[in-house]
There are 2 protein chains.
Amino acid sequence: MRQIQDYIGFQLLQIHKAHRRLAEAALNKLGVHTGQELILLQLWIEEGIPQSQLAACMEVEPPTATKMLQRMESAGLIVRRQDPEDARVSRVYLTARGRALEQPILDVWKQLEAQTVTGLSLTEQALLHRLLLQVSTNLSQHVVLAVHPVRET
Amino acid sequence: MRQIQDYIGFQLLQIHKAHRRLAEAALNKLGVHTGQELILLQLWIEEGIPQSQLAACMEVEPPTATKMLQRMESAGLIVRRQDPEDARVSRVYLTARGRALEQPILDVWKQLEAQTVTGLSLTEQALLHRLLLQVSTNLSQHVVLAVHPVRET
DNA sequence: TGCTATTATTTAGACGGCTAAACAAAAAAG
DNA sequence: CTTTTTTGTTTAGCCGTCTAAATAATAGCA
């Protein structure tokens with residue numbers, strides 16, 4: 001049987017862990033946690049969007065967004081204000097502190113990307129990107145895997 | 001500037017999320033959570049290993065292993081027994097329930113892998129594997145990324 | 001108008017992951 | 001042989017992630 005270590009799926013798991021480790025270390029120095037920078041990234045593009053939309057474009061469930069935003073608000077990175085037209089929606093805005101993180105965080109991502117593709121030619125990078133796009137598509141189909149029943153001996 | 005969506009690092013993040021989603025859905029039906037199956041995987045190879053070693057080969061910190069094993073013990077998947085020779089180490093053993101999960105879980109992984117590489121030729125799969133190996137190596141160097149100071153306006 | 005969906009957010013609680021600090025037992029040093 | 005150091009595990013507490021259920025406010029419909 002093939003070793004689990006040979007599975008692409010397993011490699012992706014390990015890579016993700018390593019990638020996260022490096023990102024976390026760098027972002028912590030800026031007072032941010034991995035994941036939060038993606039929220040900021042969206043806000044730098046479009047400030048004041050409803051948090052439901054923020055959750056959607058991050059592909060995260062609403063409760064996850066709620067928690068993260070609560071923490072980011074406590075940390076003084078963002079503020080939330082109720083929409084005057086629709087009292088249900090809460091819109092998210094940057095603070096000066098949140099705005100000031102744009103360049104440093106983009107820089108962290110840039111360095112991390114450089115580290116990630118070290119030793120790969122531009123051709124290989126493009127190829128990897130294409131292959132990962134296919135994988136991404138494959139996994140986004142929300143198929144239901146068959147699960148064989150457990151027969152206890 | 002390059003969009004963050006074009007970064008290999010960002011693709012890896014999304015892929016991991018999707019992969020985890022599918023794995024979690026399938027494993028839940030077997031009464032297991034993602035991550036726990038990797039512990040079982042190791043135990044099917046080598047039962048009775050010290051949990052420090054288990055943590056090491058999963059590349060996870062000791063407290064993480066402790067928590068997971070506590071839950072898995074509550075769930076009746078494993079048991080932990082103190083080593084008689086060295087009272088510090090706790091060795092991990094499978095229960096019948098944990099042993100019975102071997103085939104179903106391997107099957108889930110096999111299906112998930114098939115889903116992952118759908119549409120890729122064997123050549124492309126080998127290529128992807130090789131490229132990911134390089135990325136894995138790149139990210140395993142525990143370099144320290146430079147972090148530019150934040151200048152608030 | 002008033003009742004019923006529907007929609008946006010939050011709370012509660014579980015899980016994987018981490019760091020820092022406590023704890024216990026064995027090994028090393030004096 | 002006693003003290004100090006090292007090693008293995010655990011506790012506490014934080015963060016991201018999820019699901020299920022509660023809450024609140026708008027929109028729809030009779």
Side-chain angles (χ1 to χ4, degrees), chain A residues 13-40 49-75 77 80-92 142, chain B residues 13-14 16-40 49-75 77-78 80-92 142:
Chain A
L13 209 81
Q14 301 225 117
I15 288 173
H16 171 258
K17 215 176 281 185
H19 191 272
R20 183 197 166 89
R21 229 185 285 262
L22 291 180
E24 185 72 17
L27 292 176
N28 280 178
K29 294 182 193 161
L30 296 171
V32 177
H33 295 271
T34 42
Q36 299 185 345
E37 90 277 24
L38 297 179
I39 289 183
L40 292 173
I49 68 176
Q51 68 176 67
S52 55
Q53 220 169 299
L54 212 44
C57 78
M58 280 189 63
E59 299 193 59
V60 142
E61 297 305 311
T64 301
T66 295
K67 272 197 191 175
M68 291 175 73
L69 291 171
Q70 283 171 343
R71 286 168 186 145
M72 290 172 78
E73 193 159 22
S74 300
L77 298 169
R80 290 179 295 172
R81 278 200 293 277
Q82 203 179 44
D83 184 312
E85 316 247 306
D86 187 338
R88 291 172 300 182
V89 336
S90 109
R91 294 182 174 275
V92 186
H142 33 98
Chain B
L13 209 81
Q14 301 224 118
H16 171 258
K17 215 175 277 184
H19 191 273
R20 183 196 165 91
R21 230 185 284 264
L22 290 179
E24 185 72 17
L27 291 175
N28 280 178
K29 294 182 193 161
L30 296 170
V32 177
H33 295 272
T34 43
Q36 299 186 344
E37 91 277 25
L38 298 180
I39 289 183
L40 292 174
I49 68 176
Q51 69 176 64
S52 56
Q53 218 169 303
L54 211 45
C57 79
M58 279 189 64
E59 298 193 60
V60 142
E61 298 304 312
T64 301
T66 295
K67 271 197 192 173
M68 291 176 73
L69 291 171
Q70 283 171 344
R71 287 171 186 142
M72 289 173 77
E73 192 159 25
S74 300
L77 297 170
I78 55 118
R80 290 181 294 172
R81 279 201 292 279
Q82 203 179 44
D83 185 312
E85 317 247 305
D86 187 337
R88 288 172 300 182
V89 336
S90 110
R91 295 184 172 274
V92 186
H142 33 97

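Here is how names work: the chains are called A, B, and so on, in the same order as the sequence lines, proteins then strands, and each is numbered from 1.
One N or O on the side chain of Glu37(B) and one on the backbone of Gly35(B) form a donor-acceptor pair closer than 3.5 Å.
Nucleotides of DNA chain D lying under 4.0 Å from heavy atoms of chain A occupy a range whose first and last members, 5' to 3', are dC15(D) to dT26(D).
Contact annotation for Thr66(B): base contact, defined as any heavy-atom pair under 4.0 Å involving a base atom. Nucleic acid contact class of Arg91(A) (heavy atoms, under 4.0 Å, all strands): none. Contact annotation for Gln70(B): backbone-only contact, meaning every heavy-atom pair under 4.0 Å involves sugar-phosphate atoms and none involves a base. Nucleic acid contact class of Glu24(A) (heavy atoms, under 4.0 Å, all strands): none.
Every side chain to side chain donor-acceptor pair (under 3.5 Å) that Arg91(A) has, sequence neighbours left out, goes to Asp83(A). Among residues two or more places apart in sequence or in another chain, the side chain to side chain contact (heavy atoms under 4.5 Å, CB included) test is passed with Leu13(A) by His16(B), Leu38(B). For Arg21(A), the side chain to side chain donor-acceptor pair (under 3.5 Å) test picks out no residue, with sequence neighbours left out. Residues satisfying the side chain to side chain contact (heavy atoms under 4.5 Å, CB included) criterion with Gln82(B), sequence neighbours excluded, are Ala87(B). Looking at residues two or more places apart in sequence or on another chain, you find a salt bridge (Lys or Arg N to Asp or Glu O under 4.0 Å) between Arg88(B) and Asp86(B).
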- [ ] Can you check each nucleotide of nucleotides 17-24 of chain C against protein heavy atoms at under 4.0 Å and return B for base, S for sugar-phosphate only, - for none, in 5' to 3' order?
- [x] BBBB----
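Distance, Ile39(B) CD1 to dG16(C) P: 8 Å, rounded to whole Å. Straight-line distance from the CZ atom of Arg80(A) to the P atom of dA8(C): 16 Å, rounded to whole Å. Between the P atom of dA27(C) and the CG atom of Asp83(B) lies a distance of 11 Å, rounded to the nearest Å. As rounded to whole Å, 13 Å separates atom P of dG16(C) from atom CG of Leu54(B).
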Side-chain donor-acceptor pairs of residues 65-75 of chain A under 3.5 Å, sequence neighbours excluded:
unit_1, atom_1, unit_2, atom_2, d
Thr66(A), OG1, Gln51(A), NE2, 3.4
Thr66(A), OG1, Pro62(A), O, 3.2
Glu73(A), OE1, Arg80(A), NE, 2.9
Glu73(A), OE1, Arg80(A), NH2, 3.2
Glu73(A), OE2, Arg80(A), N, 3.1
Ser74(A), OG, Gln70(A), O, 3.0

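With rounding to the nearest 0.5 Å, the separation of CD1 in Ile78(B) from CD1 in Ile39(B) is 7.5 Å.
Legend: side-chain hydrogen bond (donor to acceptor under 3.5 Å, both in side chains) pairs involving residues 25-34 of chain A, not counting sequence neighbours, sorted by first then second residue: Glu24(A)-Asn28(A), Glu24(A)-His33(A), Glu24(A)-Thr34(A).
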